[in-house]
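Below, chains carry the letters A, B, ... as their sequence lines are ordered, and counting in each starts from 1.
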There are 2 protein chains.
Amino acid sequence: MKGTIPRATVKRLPLYLQVLEDLPPAERTVSSGQLARAAGVKAANVRKDLSFLGSNGVRGVGYDAAQLRNQIARKLGRMDACPVAIIGAGNLGQALSGYPGFIDRGFEVAGLFDVDASKVGATYYGIVVESVDGLEKAIEQRGVSIGIITTVPAAAQDIADRLAAAGIRSILNFAAVTLEVPEGVEVRRVDLSTELQILSYYLHESA
Amino acid sequence: MKGTIPRATVKRLPLYLQVLEDLPPAERTVSSGQLARAAGVKAANVRKDLSFLGSNGVRGVGYDAAQLRNQIARKLGRMDACPVAIIGAGNLGQALSGYPGFIDRGFEVAGLFDVDASKVGATYYGIVVESVDGLEKAIEQRGVSIGIITTVPAAAQDIADRLAAAGIRSILNFAAVTLEVPEGVEVRRVDLSTELQILSYYLHESA
DNA sequence: TAGATTGTTAATCGATTAACAATC
DNA sequence: TAGATTGTTAATCGATTAACAATC
């Protein structure tokens, strides 16, 4: 079961899941065309993607919405609440602490950490900022499995090292640096100004 | 000059640019290997990418850092400040208003809008929240060229329609919906919980 | 049966990479 | 010359898509 689903497909599964969860309860069935429109791909691509889950559509009818939703959710590991730690209680870290999309999708903010003593103790959306000194202990005790880095760029690599050493295998990095991590640790990078620059290119290119 | 650079390359140009800007001034020259390490790709890939800018490396030596920086910045349209409008003054919109990475990269928050009258007039990082009623006028008067949507999902499509009608061709969408936009409008979607779900998949898959 | 939609194949497309001649 | 690194080709890889038989 390891590595069987192409990365391009994995990226789209959450989008399909969202469509299924937003579906009116009256619609018991969904077609590849519907999913395709919502995810911005072609219908054939959707069918190919779903074939990796073990195909279970019905020809001439479509896919059973409830069954497909469960199947995708299971693949994405959404069986039980997944505790995440946010390191860096700046604006972005604070905003993420209260992000409703996390709870909706089965993630739970199990800790919000900062190096700045003047921030420790503050509360955002019910989450109390803790000193980053206690990071490793918190990870172990609370079963944290995903780390979200929202520190300044200069601090990000050190935090990544500590996360990896503490056994974290999945990191979401908002800092504008490329992190070096040991084999087996998966990093996804979200760089807001990079996104803007990409848009900026297409802006000028099409003008 | 239209569409000549592959999308995969465009995505990496900002990463190269960052490396070049973080380079110690003493280093006048940079190799494809250095850039590759920082961007997480192979050196051959970097050389191929840079060849689309019109190759100007020196065999046996590398690339002139200053020249390459200018070349990439020009391609990305970084000649003058690019005004952006943020629609949705919730946590994320507030955080983005103060995001230093935008200024660093030549973007300027020219307006922060919200539909909620109780938010209008509040100030975040020097930006005063305005009513979304004035969106179109502000876009025209301030020469806004990129819209950032940080509204609730239900409001996002309406805002996208208004942005497109007002002549905006580039949208950065943080709302968890797929936007339908006219031909010629470029949308990039950043979905934070989708990123977590992708990580969650690899978490379980490798276990 | 007629209409709809899947599952899968084969073709195509785009991106990555190894390899190496060119050249500083 | 010896060492380094580019620019480019050709091979490979992975993802998308059109097309259509299968089947509800």
Classify the side-chain pair B:Tyr124/B:Gln94 by whether it contains a donor and acceptor separated by less than 3.5 Å.
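A donor-acceptor contact under 3.5 Å links the two side chains.
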Ignoring hydrogens and geometry beyond distance, is a side-chain donor-acceptor pair present between B:Arg169 and B:Ser145 at under 3.5 Å?
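No, because no side-chain N or O of B:Arg169 sits under 3.5 Å from a partner of the opposite role on B:Ser145.
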When every nucleotide of nucleotides 14-24 of chain C is labelled 5' to 3' by its protein contacts under 4.0 Å (heavy atoms), B for base, S for sugar-phosphate only, - for none, what sequence of letters results?
-SSBBB--BBB
Would you confirm whether A:Glu180, through its side chain, and A:Gln157, through its main-chain N or O, come within 3.5 Å as a donor-acceptor pair?
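Not confirmed, A:Glu180 side chain does not pair with A:Gln157 backbone.
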Test your reading of the model: is there a side-chain donor-acceptor pair from A:Thr150 to the backbone of A:Gly88, 3.5 Å cut-off?
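Checked: pair present.
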Taking only the side-chain nitrogens and oxygens of B:Ser51, find out if one of them lies under 4.0 Å from OP1 or OP2 of D:dG7.
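Negative; the distance criterion is not met.
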Does A:Tyr63 place a side-chain N or O at less than 4.0 Å from the phosphate oxygens OP1/OP2 of C:dG7?
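Yes, such a contact exists.
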Criterion side-chain hydrogen bond (donor to acceptor under 3.5 Å, both in side chains) on B:Ser51 and B:Asp49, from CA distance to verdict:
CA-CA 5 Å; B:Ser51 76; B:Asp49 286 342; over 6 Å; no
Which is it for B:Asn91 and A:Tyr99 under the side chain to side chain contact (heavy atoms under 4.5 Å, CB included) test, yes or no, and what are the steps along the way?
CA-CA 8 Å; B:Asn91 305 311; A:Tyr99 186 59; over 6 Å; no
Under the criterion salt bridge (Lys or Arg N to Asp or Glu O under 4.0 Å), which of B:Glu108, B:Glu136, B:Glu130 is the partner of B:Arg142?
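Among B:Glu108, B:Glu136, B:Glu130, the one meeting salt bridge (Lys or Arg N to Asp or Glu O under 4.0 Å) with B:Arg142 is B:Glu130.
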How close do A:Ala110 and A:Val144 get, counting heavy atoms only, and between which atoms?
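Heavy-atom minimum between the residues: CB-CG2, 4.1 Å.
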How does DNA chain D look in dot-bracket form if you count Watson-Crick and G-U pairs under 3.5 Å, write [ ] for pairs that cross, and put | where a base pairs with another strand?
..||||||||||||||||||||||
Whole-Å distance separating the [atom1] atom of [X] from the [atom2] atom of [N]:
X: A:Leu50; N: C:dT8; atom1: CG; atom2: P; result: 12 Å
X: A:Phe52; N: C:dG7; atom1: CZ; atom2: P; result: 13 Å
X: A:Leu53; N: C:dT8; atom1: CG; atom2: P; result: 13 Å

